[in-house]
Amino acid sequence: MKIVTSVLKSLVLVTALFSFSITAAFAQSAEEGEKLYNANCTSCHAINEKVVGPALKNVHTKRKEVWLLKWIKNSQALVKSGDADAIAIYKENNESVMTSFENLSDNQIKSIIAFIKKESEAPIQASIVPTGTSSANASTTEATEVSGTLKTSINWLVIVILALLIMVIVLVLDILAKVGDIQGKPVINWNGINAKLMLAFGSIGLVASAWEIWEHGKLTVLNQTPASTHGAEHDNMFMITLIITGIVFFITQGLLFWYAYKYKHSSKRRALFYPDNHKIELVWTVIPAIVLTILVVRGLKTWTDMTGEKDPNSRVIEVYGYQFAWNARYAGEDNLLGKHDFRQIGVMNALGVDTTDVKAQDDIVTNELHLGVGEPVLLKFRAKDVIHSAYLPHFRVQMNVVPGLPTQFGFTPSLTTAEMRQKLNNPKFDYVILCNKICGGAHYRMKMKVVVHAKEEFKQWLAQQPRLVNKSTPNVQATAQVETSTKTKLAN
Amino acid sequence: MSTHTANTDGANHDAHDHGHHHETFISKYVFSMDHKMIAKQFLITGIIMGVIGMMMSLIFRLQLAYPDMKFPFLESVIGQWGKDGKLDPNFYLALITIHGTIMVFYVLTAGLSGTFSNLLIPLQVGARDMASPFMNMLSYWFFFLSSIVLLSSLFVDGGPASAGWTVYPPLSALPKAIPGSGTGMTLWLVAIILFIASALLGGINYITTVLNMRTKGMKMTRLPLTIWAFLITAVLGLLSFPVLLGAGLLLIFDRSFGTSFYLNEIVAELAGGIERVGGSPVLYQHLFWFLGHPEVYIILLPALGITSEVIATNSRKPIFGYRAMIGSILAIAFLSFIVWGHHMFITGMNPFLGSVFMLGTLIIAVPSAVKTFNYMATLWKGNLQLTPAMMFAIGLVSFFISGGLTGIYLGNAALDINLHDTYFVVAHFHLVMGSAAIFGMLSGIYHWYPRMFGRMMNNTLGYLHFWLTLVSAYCVFFPMHFMGLAGVPRRYYANTAYDQFNVFVDMNQFVTIAAIIGGAAQLLFLINFFGSIFRGKRAPQNPWHSNTLEWTAPVKHMHGNWPGDIPYVYRWPYDYSKPGSELDYIPQNIPDADQTDPLDEPKAVYLDLKNTTMPLVENKEA
């Protein structure tokens with residue numbers, strides 16, 4: 001540990017790439033730091049921008065390492081101790097409390113700092129400027145800002161021009177209207193113009209809608225193969241609804257704007273006095289009723305299929321949500337989740353699992369959700385603080401995650417991550433759980449990676465994960481675990 | 001006040017002419033008990049709130065379109081929340097929350113129903129004023145106070161409420177969960193409670209006036225559809241707002257007195273040092289949506305009522321299927337009370353319960369379809385006067401179709417699983433109750449502006465306003481469906497954390513630009529609205545040649561509405577283009593040739609309008 005510390009210290013001091021050994025140590029540490037950073041920090045922080053917490057760029061130069069360690073482990077303690085910097089930061093960020101990370105070791109935090117340092121310096125490495133870090137950085141950000149403001153000012157210019165244009169049009173029309181008043185006959189036949197515009201809007205609008213369904217529909221469920229077995233049934237239901245409502249949409253909107261054009265005012269004509277026709281009314285009450293019956297019956301079937309009896313052999317996985325991250329807890333060999341107790345939730349036991357429970361011994365806690373293709377799973381949801389919602393759009397799955405009210409959803413993944421990547425022709429694609437119920441400032445970053453493996457691969461992955469019982473401390477925030485240390489523990 | 005009498009039959013003039021001579025500025029313009037003045041107060045407060053709500057939406061639309069860009073002007077507008085030109089994520093949530101609250105309650109409930117129920121109920125049923133003018137005044141001032149409290153929450157420490165306009169606990173109950181759940185949330189709850197008081201005071205008054213104070217001959221089957229809509233709206237409000245009041249009070253208890261109605265398994269550290277066990281966050285959602293769903297119709301029904309009236313008048317045709325229209329209002333109102341669960345399909349409620357709510361929800365499509373078809377049948381073979389009011393009414397029907405059809409997706413629990421809380425929902429409700437109701441409100445303003453201010457609005461500006469608003473509203477909300485279908489969640493400060501949403505960067509910018517244009521178009525309306533109060537052409541007695549009673553009252557406002565006797569009503573309000581009559585309209589107060597008792601149905605088809613003694617078209621006094 002001392003060696004790493006000294007290496008880090010020397011790195012901070014030297015700030016350049018001096019020797020091979022140091023680079024190697026730095027790289028390794030930063031690599032470990034990246035994993036930890038992604039698992040623990042990204043929901044509230046980014047390197048270059050403020051999220052809920054401040055931007056972390058160059059934080060290693062702004063604060064002393066000892067201070068950072070204290071702050072990350074328990075920021076509130078530091079604030080209460082009267083540390084001026086800590087109080088200032090707390091105030092600056094609207095007094096929102098940073099999560100405490102007492103479960104992270106000093107070394108782990110240092111490796112995160114190493115990663116942040118690496119990221120902070122990233123642009124310099126590209127341009128190979130050994131010194132003058134801050135000035136170089138400033139100039140690059142300045143450049144992007146300039147182009148940003150340029151863009152904004154162009155946009156504003158466009159808006160101003162549009163506004164002026166409208167004012168001119170209004171003025172001209174107003175003058176024409178006044179001329180018409182004087183002449184006793186309107187210069188512009190607005191009724192005719194508006195009627196034609198109605199027709200134009202109706203036809204252009206319908207063509208545009210059709211185009212958009214065609215063009216943007218490709219980006220949606222209409223064109224994405226669902227990644228779960230029930231997804232096909234859902235998509236089917238969706239298509240039926242789309243076709244029926246689409247037909248109604250085009251007919252009714254078309255008629256509406258056609259009538260608005262066709263029956264425009266004419267002083268030569270009189271409207272038809274036609275207050276009632278019970279037969280027609282009956283027809284257009286019964287037809288929608290029949291169509292809706294079809295949709296209801298079909299919808300109820302889909303709904304009961306999706307939410308009905310689950311495969312009793314489903315693998316049980318708990319998905320745990322809190323501000324602003326997710327964890328997954330696998331039930332282990334016995335497929336039974338260990339008891340949990342919210343009173344045990346704490347810095348050292350983020351999920352509040354009762355580790356004395358026998359069923360909890362083989363539980364596995366991870367910060368990624370891994371699934372096996374074709375293997376039914378039953379996700380059980382639990383929240384710590386506020387309502388979250390686990391949304392897995394590719395699987396057509398969503399369920400609220402409510403504190404103190406257990407919810408669940410069962411489904412079977414049908415496409416592995418690799419297969420989906422191939423289908424989408426995107427080698428970087430990953431499934432994701434995203435939070436879909438407003439839960440706080442970093443709501444929009446609260447996500448967890450989902451990986452669907454082939455069956456064998458999944459078994460292997462699961463076998464590599466540490467069991468709760470293997471741990472020396474009841475530390476279930478597996479986020480602290482890095483694969484390397486996992487492997488050594490398993491070997492032991 | 002001026003004691004001019006527009007009608008010749010002003011014999012019983014003094015029967016209602018009490019206490020008019022002591023009017024001061026305060027009693028006339030501020031603490032007025034005159035329903036017409038109160039209507040104007042509601043409208044202008046509503047417009048101011050609407051402008052604030054819309055500007056908020058433009059700020060967060062900028063953020064959504066350009067998440068990486070800095071807007072230095074933000075810092076000068078919103079101060080610490082826009083430091084360095086970057087919108088704070090917490091304040092983004094505050095903006096969407098207050099935008100939603102303002103639009104749903106302050107603009108589309110009070111601004112729409114408050115304005116037009118107040119203006120039209122006494123005038124169209126033939127009453128001197130509301131049943132209780134004093135309660136009516138209180139209703140406005142509770143609303144005003146409520147607006148002030150809500151706006152003041154923008155300036156408190158931690159910012160205004162930020163838990164979404166539905167303020168679900170525990171997020172809204174735990175001040176530690178989000179900065180906006182501190183003082184801002186308390187003020188939000190106080191504002192809503194004041195608002196409910198206002199809505200209830202108004203609602204009781206509307207119902208009483210419609211049921212008890214109709215003039216002779218104004219049978220329920222002769223009421224204009226506006227009044228039917230306002231009546232049913234008031235009933236909905238009266239039955240559902242108290243439930244929200246209860247929900248809000250319990251939330252106040254949870255926040256301030258350490259109870260656990262909505263909280264379960266929350267550690268002491270998060271909840272002000274008291275461990276919370278035994279409640280249920282979902283209970284709040286049930287209570288909230290028991291109001292929340294009828295609230296959708298509290299917003300929509302008045303807009304539909306206004307549309308019925310405007311479309312019939314300007315098509316010069318009777319509204320098609322008058323009784324079916326009333327029937328569908330009643331059906332929608334009844335069904336709206338048993339479908340609230342469709343907002344909660346994925347809260348983990350029993351799937352069987354979900355099926356029941358789904359069935360009820362989809363049934364609502366039937367009366368809604370009937371209404372749509374009836375509007376279109378009214379247009380069919382009409383003689384359409386495309387006034388700004390008429391065009392906004394047609395726009396409403398278009399939005400009602402577009403937004404209504406997407407409701408069939410969301411009401412289907414099986415599809416809701418994938419669409420819940422995505423941009424599809426945002427698109428749906430902004431079309432069906434946002435745009436549609438705003439269009440109903442604008443239609444009503446253009447139509448009854450001469451009745452409110454005695455002047456005409458500028459038509460040219462009105463046309464431009466309509467076209468820019470219609471096109472921009474569709475450009476803003478139509479593309480959002482596709483984002484939703486691709487899984488983009490609503491209430492996200494930015495989509496930058498998800499590579500899969502990068503395809504929508506252009507679309508987001510397009511939407512924002514359309515929103516800015518739409519916002520700018522409202523300036524035309526504001527100029528027109530406020531300018532015409534002083535500079536508009538003087539309004540004739542009955543500018544749209546309409547049948548309803550409000551156009552028989554003198555243009556210049558007076559206490560008691562009619563200088564002489566209240567006119568009797570001899571017919572339904574939709575005798576437009578009746579065969580045999582010379583003019584293409586017959587106002588409700590005109591009897592048929594052989595009709596003596598107002599309660600008799602008019603028998604003769606032919607009517608000699610020239611020989612009637614009642615004022616019909618022009619009133620010279622105006």
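Chain letters run A, B, ... following the sequence lines, proteins first, then strands; residues in each count from 1.
Among A:Ala195, A:Ala208, A:Pro403, A:Ser389, the residue with the largest count of heavy-atom pairs under 4.5 Å with chain B is A:Pro403. Note: A:Val296 leads A:Thr285, A:Ile169, A:Thr302, A:Val296 in heavy-atom pairs under 4.5 Å with chain B. If you tally non-hydrogen atom pairs under 4.5 Å between each of B:Tyr168, B:Tyr574, B:Phe478, B:Trp467 and chain A, the highest count goes to B:Trp467. The choice from B:Thr387, B:Val488, B:Asp421 that makes the most heavy-atom pairs within less than 4.5 Å of chain A is B:Asp421. Considering only heavy-atom pairs separated by less than 4.5 Å from chain B, the leading option among A:Asn277, A:Val291, A:Thr293 is A:Asn277. Interface check for chain A: of the options B:Ser172, B:Gly348, B:Pro318, the most heavy-atom pairs under 4.5 Å are formed by B:Pro318. Among the candidates B:Leu174, B:Asn374, B:Val277, the residue making the largest number of heavy-atom pairs closer than 4.5 Å to chain A is B:Asn374. Between chain B and the options A:Ser266, A:Gly231, A:Ser267, A:Pro406, heavy-atom pairs under 4.5 Å are most frequent for A:Ser266. Most heavy-atom pairs under 4.5 Å with chain A, from the set B:Gly164, B:Ser402, B:Ser162: that is B:Ser402. No other option in B:Met483, B:Arg316, B:Met376, B:Arg491 has as many heavy-atom pairs under 4.5 Å with chain A as B:Met376. Taking chain B as the reference chain and counting heavy-atom pairs below 4.5 Å, the highest number among A:Lys264, A:Glu281, A:His278 is found for A:Glu281.
Contacts of A:Phe249 with chain B are made by both backbone and side-chain atoms, with heavy-atom separations under 4.5 Å. Heavy atoms of A:His230 lying under 4.5 Å from chain B are absent altogether. Heavy atoms of B:Ile266 lying under 4.5 Å from chain A belong to its backbone as well as its side chain. Residue A:Phe409 touches chain B through its side chain alone, counting heavy-atom pairs closer than 4.5 Å. B:Leu468 touches chain A through its side chain: at least one heavy atom from C-beta onward sits under 4.5 Å away, while N, CA, C and O do not. With a 4.5 angstrom heavy-atom cutoff, B:Phe71 touches chain A only via side-chain atoms. For chain B, no part of A:Ile188 is nearby; none of its heavy atoms comes within less than 4.5 Å. No part of B:Tyr375 comes within reach of chain A, as not one of its non-hydrogen atoms sits under 4.5 angstrom from that chain. If you measure heavy-atom distances from A:Lys262 to chain B, you find no contacts under 4.5 Å at all. With a 4.5 angstrom heavy-atom cutoff, B:Arg323 does not touch chain A via any of its atoms. Of the atoms belonging to B:Gln509, not a single heavy atom falls under 4.5 Å from chain A. Looking at A:Glu212, both its backbone and its side chain come within 4.5 Å of chain B, counting heavy atoms on both sides. Residue A:Tyr274 touches chain B through both its backbone and its side chain, counting heavy-atom pairs closer than 4.5 Å. Proximity to chain A is absent for every atom of B:Glu269, based on heavy atoms less than 4.5 angstrom apart. Only the side chain of B:Phe73 comes within contact range of chain A, with heavy atoms under 4.5 Å apart. The contact between A:Leu434 and chain B is made by backbone and side chain atoms together, counting heavy-atom distances below 4.5 Å. The part of B:Ala163 that comes within reach of chain A is its backbone (N, CA, C, O), which places non-hydrogen atoms under 4.5 angstrom from that chain. Residue B:Asn495: no heavy atom, backbone or side chain, is found under 4.5 Å from chain A. For A:Val432, the part sitting under 4.5 Å from any heavy atom of chain B is the side chain, from C-beta outward, and nothing else. For B:Leu93, the part sitting under 4.5 Å from any heavy atom of chain A is the side chain, from C-beta outward, and nothing else. Contact of A:Leu242 with chain B is made through backbone and side chain together, with heavy-atom distances under 4.5 Å. In this structure, chain B has a heavy atom under 4.5 Å from the side chain of A:Val402, while its backbone stays farther away. Of the two parts of A:Val158, neither the backbone nor the side chain holds a non-hydrogen atom closer than 4.5 Å to a non-hydrogen atom of chain B. Heavy atoms of B:Met507 lying under 4.5 Å from chain A belong exclusively to its side chain. Contacts of B:Pro169 with chain A are made by backbone atoms alone, with heavy-atom separations under 4.5 Å and no side-chain atom involved. Residue contact with chain A, scored on non-hydrogen atoms closer than 4.5 Å, involves the backbone and the side chain of B:Gln385 alike. Looking at A:Phe257, the atoms closer than 4.5 Å to chain B (heavy atoms on both sides) all sit in the side chain, from C-beta outward.
Defined by atom type and a distance below 3.5 Å, a donor-acceptor pair is present between the side-chain atoms of B:Ser398 and B:Tyr474. With hydrogens and angles left out, the side-chain atoms of A:Trp303 and B:Asn412 include no donor and acceptor closer than 3.5 Å.
For the side-chain hydrogen bond (donor to acceptor under 3.5 Å, both in side chains) test, no residue two or more places apart in sequence or in another chain qualifies with A:His443.
Ring-plane geometry between B:Tyr92 and B:Tyr493 is classed as perpendicular, the angle between the planes exceeding 60 degrees on a 0 to 90 degree scale with a lower cut at 30. The aromatic rings of A:His234 and A:Phe238 sit parallel to each other, their planes meeting at less than 30°, with 60° as the upper class boundary.
The ring of B:Tyr322 has its center no closer than 6.0 angstrom to the ring center of B:Phe320.
Considering only heavy atoms from C-beta on, A:Leu292 stays 4.5 Å or farther from B:Ile363 through its side chain. Using a 4.5 Å heavy-atom cutoff, the side chains of A:Ile213 and B:His481 are not in contact. By the 4.5 Å heavy-atom criterion applied to side chains, A:Gln224 and A:Arg396 are counted as neighbours. No side-chain heavy atom of A:Met237 sits less than 4.5 Å from a side-chain heavy atom of A:Lys301. Side-chain contact between B:Ile513 and B:Ile517 is present, with heavy atoms from C-beta onward closer than 4.5 Å. Using a 4.5 Å heavy-atom threshold, the side chains of A:Asn400 and A:Leu405 count as separate.
Nearest heavy-atom pair, B:Tyr409 versus A:Thr245, reported as atom, atom and distance to 0.1 Å: OH-OG1, 2.7 Å. When all heavy atoms of B:Trp572 and A:Pro275 are compared, the pair lying nearest together is CH2-CB, 3.7 Å. Between B:Ser355 and A:Leu300, the shortest heavy-atom distance links the atoms CB-CD2, 3.4 Å. The two residues A:Gly440 and B:Asn90 come nearest to each other via the heavy atoms C-OD1, 4.4 Å. For the pair B:Gln500 and B:Val503, the tightest heavy-atom approach, listed with the atom from each and the gap, is O-CG2, 3.7 Å. Nearest heavy atoms, B:Leu171 versus A:Ile438: CD2-O, 3.4 Å.
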**OP:** Kindly indicate, with the supporting measurements, whether the criterion side chain to side chain contact (heavy atoms under 4.5 Å, CB included) is fulfilled by A:Phe342 and B:Asn264.
**Re:** CA-CA 10 Å; A:Phe342 77 100; B:Asn264 191 17; 6.0 Å; no
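Salt-bridge formation is not detected for the pair A:Arg270/B:Asp584: no Lys NZ or Arg NE/NH1/NH2 atom is positioned less than 4.0 Å from an Asp or Glu carboxylate oxygen.
Formation of a donor-acceptor pair under 3.5 Å by the B:Tyr492 side chain with backbone atoms of A:Arg445 is not found in this model.
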